[in-house]
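Sequence lines set the chain letters: A, B, ... in the order given, protein chains first and strands last, and positions in each chain run from 1.
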Amino acid sequence: MSLLLSGLNSEQLQAVTLQHQSALVLAGAGSGKTRVLTTRIAYLIQSKQVSPHSILAVTFTNKAAKEMLTRISSMLPINTQGMWVGTFHGLCNRMLRAHYQDAGLSHAFQILDSADQLAVIKRVLKDINADDEKYPPRQVQWFINNAKDEGLRGSQVEAYDDFTRKMVEFYSVYEQQCNKEGVVDFAELLLRSYELLTRNEILRRHYSGRFNHILVDEFQDTSQLQYKWLRLLAGTEASVFVVGDDDQSIYAFRGANTGNMKDFERDFHISEIIKLEQNYRSHGNILDAANTLIRNNSGRLDKNLWTSEGHGEPLRVYNAPTDFDEAAFIVEEAKSLHAEGVELSQIGLLYRSNAQSRVLEHALFNASLAYRVYGGLRFFERQEIKHALAYLRMIANPNDDNALLRIINFPARGIGVRSLEQLQDSAKEQGGSLWQAALEKNKSGVTLNRGLEDKASVSHIENKNADIPKKGLNSFVFLIDSMQQGCLELTLPEIVDHMLEHSGLITYYSNQREGANRLENLNELINAATSYIQEAEDSSLAAFLAHASLEAGEHQSGNNQDALQLMTVHSAKGLEFNSVFLSGLEEGLFPHENSRNEAGGLEEERRLMYVALTRAQRRMYLSFTQSRMLHGQTRYNTPSRFLKEIPEKLLRWLNPVQEEGVIMQEKSGLRMQDRTSGVMDSESSKWCIGQNVIHAKFGAGIIVNCEGGGQDARVQVKFSKYGTKWLSLEYAKLVPA
DNA sequence: ACTGATTCTTTTTTT
DNA sequence: AAGAATCAGT
């Protein structure tokens, strides 16, 4: 026990050893929050004789859940199976599978990821002939998810205008369709689970009686519904221990509600907030930069991060002409860091949006530096994997229309739009799923394999080869049916193998020119199934498919190599690196332009910037470009305002020394507003890319390009009202703004 | 019904 | 720029 608690500072110790009561821990970045959570769980079990069975811990990502379990196992020799540790979605899924009947679900209900959900919405809108110009599917999706996040069913949404009424109608139709197909989306997992607990008193008593200790990580990112779910589960007896940092709330776009922290204080009668303010991660300069930046936000809970480490290096700033040059710079610096002995896996390359990874990947590939990209296109989202999963879904739950539509003619078996339309029409008529309609149509056709399982069905299929339809709807019905029969006795990896073989996917991709990689991924899917049944307690096909939807990302092959870590700032939350490169620090990109229209958008972007800065232990690189390719077009950007919010004395500018003037230009171009001293007030310094200017006739604009010098000097200015124009400096009377 | 070509859209972030 | 969706020709 003393071993368990040794090395904790006094606040951490206080938090870990709190007696049975609810608590709010305000934990700054790098303050040892995960350690506090895991140590507390270990402490409860070891010293307080709390059974693992009565502990429920919620994390924000699957990765964090796994990490927590690993850490606890290393502290205590206990079986962690009885503990409920996972994401909100994961836990709700667990609960719904255990009580699928009470929740009104079929036993093999499937989970829709965002793309699946959108597909269903598009289909539903088409079915009822909704104008998808007026009601874009994406917006409908957003509306539905928002309503669900607030705990509302279609009938409960207050609709005062036509548009909302329409949305509500779509919501209801969508809901019916999902029920028909036996599928639930992410938000539905939470809402169903919440409704189940509300409605079913016996179950509620059971669970709230069981979970005496509820621990929540990243509490600032919980949504309204998640908070309500927690309260329900906690009942009156449980100790609820939540850890969060309002400065790292970066998921408001998904319904996260920082207000939950205040509500929690009130609802759970928290008398004293425990603050973890000592940062064990970053050197002083990095921390100062982050602290100064975040002070520009309003309404923060008071907190002051400090470190006992020295100041360390200044943050390095690099101004690149293009995104291409920026990538080249990062590659070179990463190389020399690696040469100095920093492991590649200790170097993080962060960016605001996934699209930015491509340039970096390209440069890294050419430099043959090992790297790993997180997020972006995940394993379970790849086309071939989606196809394979669709077959598996048909085996588990053939009423899944999404799955059926994906593979009914893939690989091609002669079912075209015509037959599909017919199928959809009869499904609509019968009010059932497409599969049910297909069965109906098939009745007159081929006799299925049913009732003949006494002999091994595989050999049965081979023997009766002559009867098997090769093309058309019948062949599909026969295929799925025989797969269902053939998989009855098989283990999960065998099912996957069986499916890959019989679906024709293997053959298809073997014959494809670029199919080798996809083939590899398909085989990797068997491995995924194998490792899944080793870890999971429920090794059914339905559970595996749920796992695939909930944990789309983390399964990747060959991840044990030392490699640079590429990811968005969002997915970097909770991680730390010796050195961090943050690229694309430009207005419109970071802060992202879409954030301008949202209430509190800019502050959320700033918190995101805060998260990025606090990832670095020793060295931080900040880079921006003057032009960047976006949607196939060159965009000219100005440096991010966040760069200006970091004190100059903490920064070191790294630009290559070409000629004195150039550096001066770049520096003054960025910091003109901050400087009053005339040191750099030469003529050339005014006109550089990014400079805001005013023209007598065209008004306000920004310089996006320069060329020539002396009398020939011209600048290209993008005016807010008059478009982009080339102007000669000699004639145009431009004034810096 | 399948193919290749052309047009359209996408991107903020994730369970 | 790249992938998806749609269209035209076979």
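- The stacking criteria are not both satisfied for A:Tyr251 over the base of B:dT13, which would need a centre-to-centre distance under 5.5 angstrom and an angle between ring planes under 30 degrees.
- Per the geometry, NZ belonging to A:Lys386 stands 16 Å off C1' belonging to C:dG3, to the nearest Å.
- For A:Arg606 and A:Tyr610, the positive end is not near the middle of the six-membered ring at less than 6.0 Å and at most 45° from its axis.
- Distances shorter than 4.0 Å separate none of the side-chain N or O atoms of A:Arg413 from OP1 or OP2 on B:dA1.
- If you take NZ of A:Lys63 and C1' of B:dT15, they are 14 Å apart, rounded to a whole angstrom.
- Picking from B:dT14, C:dA2, B:dC2 the nucleotide with the shortest atom distance to the side chain of A:His570 gives B:dT14.
- Comparing B:dT14, B:dC2, B:dT15 against the side chain of A:Thr568 picks out B:dT14 as the nearest.
- Using a 4.0 Å heavy-atom criterion, one finds that A:Ala187 contacts no nucleic acid atom at all.
- The NZ atom of A:Lys573 sits 11 Å away from the P atom of B:dT15 (whole-angstrom rounding).
- Looking at heavy-atom distances under 4.0 Å, A:Asn409 makes contact with sugar-phosphate atoms alone, never a base.
- In this model, a side-chain donor or acceptor of A:Ser114 finds a partner on the base of B:dT15 within 3.5 Å.
- Note on ring orientation: taking the six-membered ring where Trp is involved, the planes of A:His89 and A:Phe186 are perpendicular (angle over 60°, cut-offs 30° and 60°).
- A:Tyr351 has its side chain within reach of A:Ser357: a pair of non-hydrogen atoms, C-beta onward, lies under 4.5 Å apart.
- In terms of phosphate contacts, A:Asn354 brings a side-chain nitrogen or oxygen within less than 4.0 Å of OP1 or OP2 of B:dT13.
- We find that CZ of A:Arg635 is positioned 15 Å from P of B:dT11, with the value rounded to whole Å.
- The nucleotide whose nearest atom lies closest to any side-chain atom of A:Lys122 is, among B:dC2, C:dA5, B:dT15, C:dA5.
- A:Asp149 has its CG atom 12 Å from the C1' atom of B:dT14, to the nearest Å.
- We find that CG of A:Leu630 is positioned 14 Å from P of C:dA2, with the value rounded to whole Å.
- The CZ atom of A:Arg628 sits 15 Å away from the P atom of C:dA1 (whole-angstrom rounding).
- Between A:Tyr227 and A:Phe219, the ring-plane angle classifies as perpendicular under the 30° and 60° cut-offs.
- Side-chain nitrogen and oxygen atoms of A:Asn62 include none within less than 4.0 Å of the OP1 or OP2 phosphate oxygen of B:dT14.
- Nearest to the side chain of A:Met629, among B:dC2, C:dA1, B:dT15, sits C:dA1.
- Regarding contacts with the backbone of B:dA1, a side-chain N or O of A:Ser419 is found under 4.0 angstrom from either OP1 or OP2.
- Contact check for A:Phe380 versus A:Leu525: side-chain heavy atoms found under the 4.5 Å cut-off.
- Residue A:Thr634 is classed as having no contact, given no heavy-atom separation below 4.0 Å to the nucleic acid.
- Of the candidate nucleotides B:dT13, C:dA2, B:dT15, C:dA2 has the atom lying nearest to any side-chain atom of A:Arg358.
- Contact annotation for A:Arg607: no contact, since no heavy-atom pair falls under 4.0 Å across all strands.
- The separation between A:Ile408 atom CD1 and B:dA1 atom C1' is 14 Å, rounded to whole Å.
- A salt bridge links A:Arg607 and A:Glu604; the closest N-O separation between the charged side-chain nitrogens and carboxylate oxygens is under 4.0 Å.
- For the pair A:Glu593 and A:Phe186, both in contact range of DNA chain B, the more 5′-proximal nearest nucleotide belongs to A:Glu593.
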